[in-house]
Student: 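Let me begin by handing over the structure; questions about it come next.
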There are 2 protein chains.
Amino acid sequence: MTLFLSTFINKLDKKGRVSVPASFRQCVVKHSFQGIVVFGSYKLPTVEGMSFERMERLSQNVDTLDIFSEAQENLTAALFSDTHMLPFDGDGRVLLPKLLLDHAQITDTVAFVGRGATFRIWNPTLFETYQAKARQLIQDREASQNA
Amino acid sequence: MTLFLSTFINKLDKKGRVSVPASFRQCVVKHSFQGIVVFGSYKLPTVEGMSFERMERLSQNVDTLDIFSEAQENLTAALFSDTHMLPFDGDGRVLLPKLLLDHAQITDTVAFVGRGATFRIWNPTLFETYQAKARQLIQDREASQNA
DNA sequence: TTCTATATCATGGGTTTTTATGGGATTCAA
DNA sequence: TTGAATCCCATAAAAACCCATGATATAGAA
């Protein structure tokens, strides 16, 4: 399994732990770091997730920019300072940092949403709303194109 | 762990000591010098930090740069005027030199900010301001590209 | 099929270890 | 000898580790 697929709803326990869906864990186990890499989305109330390897590749792309460029400076600031490495415990759970829980307005249940090479972590209710709006936008666009 | 990631806020005690975040220490323990290498940023009110090994590589690269380039100017200032080696004490803390505390306007709390191969040490309040600006610039850039 | 043994998974909770922090004591250097 | 730096230990909170349970799925035998 190399792709993050489908949606899973899991519980957040009192200690702040949540099980990463087994199929998502499969996408990561063969890699060097046993866990996931996450950061708060800049545009949406959700948490972006991926494997450590993908994050490394992202960071290499940043490195190829001019070392003293302004763009490099800003991208580096954003990429690394807000990123968290979350190791699995023995049972495939991770501890979500409070800052990210707040950002995504997550309290007791968590939606893991596959997006191919990455995934997102949502408050399930917010995800439903977001999903509905996205569908609506697609329909509107089709309607305007056919008009 | 090869990358400095995330942001940690720690306290400066009366003796001027501060705990280096455990995950940052992991990036350094396998190297020869048990500690970090720091210098005041040339452009920002912050302290640049990295492993001793990376500092060595930086100093080797300085020679290959154009003598009159801005890069040369920056690196020379950084590398040879104001660099400190800060060894860990038994509990993973370092003693920040007064000159650097003043330069970064640090008094009682310290933000360790990951930047991949390096990190920065900020006054947490100043960092928030800087970070907000960086994010704004990224969004402006994206907006202009999509226009 | 139906029943049973096995494996996986999400979840809960107890225990141990790590971490950040404070402070006393000792060493060092000007 | 006096202030600073280093070493050592204590503590509380957080994180990591370990094991148990119930639900679900799977496989194989009757």
Student: Testing the basics here: between V38(A) and G49(A), what is the closest heavy-atom pair and its distance to 0.1 Å?
Tutor: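 Nearest heavy atoms, V38(A) then G49(A): CG1-CA, 4.0 Å.
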Student: Under the 3.5 angstrom rule, does the side chain of N10(B) hit a backbone N or O of V18(B) as a donor-acceptor pair?
Tutor: no
Student: At a heavy-atom distance below 4.0 Å, what parts of residues 86-122 of chain A sit against DNA chain C?
Tutor: D91(A), R93(A)
Student: Checking L101(A) against L12(A) for the side chain to side chain contact (heavy atoms under 4.5 Å, CB included) test, could you report, in this order, the C-alpha distance in whole Å, the side-chain angles of both residues, the deciding distance, and whether it holds?
Tutor: CA-CA 10 Å; L101(A) 291 180; L12(A) 198 73; 4.2 Å; yes
Student: Taking any atom under 4.0 angstrom from a heavy atom of chain A, which nucleotides of DNA chain C are the first and last to qualify, 5' to 3'?
Tutor: dC9(C) to dG14(C)
Student: Measure across F4(A) and A117(A) and return the closest heavy-atom pair with its distance rounded to 0.1 Å.
Tutor: CE1-O, 3.4 Å
Student: If you walk 5' to 3' along DNA chain D, what is the first nucleotide with an atom under 4.0 Å of a heavy atom in chain A, and what is the last?
Tutor: dA15(D) to dC19(D)
Student: Between atom CZ of R115(B) and atom CG of L5(B), what is the distance when rounded to the nearest 0.5 Å?
Tutor: 12.5 Å
Student: For residues 7-19 of chain B, which residues have at least one heavy atom under 4.0 Å from DNA chain C?
Tutor: N10(B), K11(B), D13(B), K14(B), K15(B), R17(B), S19(B)
Student: Show the atom names and distances, to 0.1 Å, of all donor-acceptor pairs under 3.5 Å that link a side chain in residues 79-93 of chain A to residues at least two apart or in another chain.
Tutor:
unit_1, atom_1, unit_2, atom_2, d
S81(A), OG, A77(A), O, 2.4
S81(A), OG, Q131(B), NE2, 2.7
D82(A), OD2, Y42(A), OH, 3.1
D82(A), OD2, R135(B), NH1, 2.9
T83(A), OG1, L79(A), O, 2.3
D89(A), OD1, D91(A), N, 2.8
D89(A), OD1, G92(A), N, 3.1
D89(A), OD1, R93(A), N, 2.9
D89(A), OD2, R93(A), NE, 3.2
D91(A), OD2, R93(A), NH2, 3.1

Student: When you measure from the side chain of S51(B) to the backbone of V28(B), do you find a donor-acceptor pair of N or O atoms at a distance under 3.5 Å?
Tutor: no
Student: What's the shortest heavy-atom distance between S32(A) and F52(A), and which atoms?
Tutor: OG-CD2, 4.1 Å
Student: Would you say R120(A) and F127(A) make side-chain contact, with heavy atoms under 4.5 Å?
Tutor: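 In short, these two side chains do not touch, never coming nearer than 4.5 Å.
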Student: Output yes when a side-chain donor or acceptor of S41(A) lies under 3.5 Å from a complementary backbone atom of K43(A), and no otherwise.
Tutor: yes
Student: Is the number of heavy atoms from other residues, nucleotides or ligands under 6.0 Å of I9(B) CD1 greater than 12?
Tutor: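 Count over threshold, so yes.
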Student: Once you build an axis from the first five pairs and another from the last five of the helix from dT1(C)-dA30(D) to dA30(C)-dT1(D), how far apart in angle are they, to 10 degrees?
Tutor: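 End-to-end axis angle for the helix from dT1(C)-dA30(D) to dA30(C)-dT1(D): 30°, rounded to 10°.
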Student: How close do L44(B) and Y130(B) get, heavy atom to heavy atom, and via which atoms?
Tutor: CD1-CE1, 3.8 Å
Student: Kindly say whether the aromatic ring centers of F24(A) and F8(A) come within a distance under 6.0 Å.
Tutor: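 Ring centres of F8(A) and F24(A) closer than 6.0 Å.
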Student: Quick check: closest heavy atoms across L126(A) and A104(A), and the distance to 0.1 Å?
Tutor: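 So the minimum-distance heavy-atom pair works out to CD1-O, 3.8 Å.
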Student: Check whether T118(A) reaches the backbone of M50(A) with its side chain - one donor and one acceptor, N or O, closer than 3.5 Å.
Tutor: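 Flag not set: sc T118(A) to bb M50(A) has no pair under 3.5 Å.
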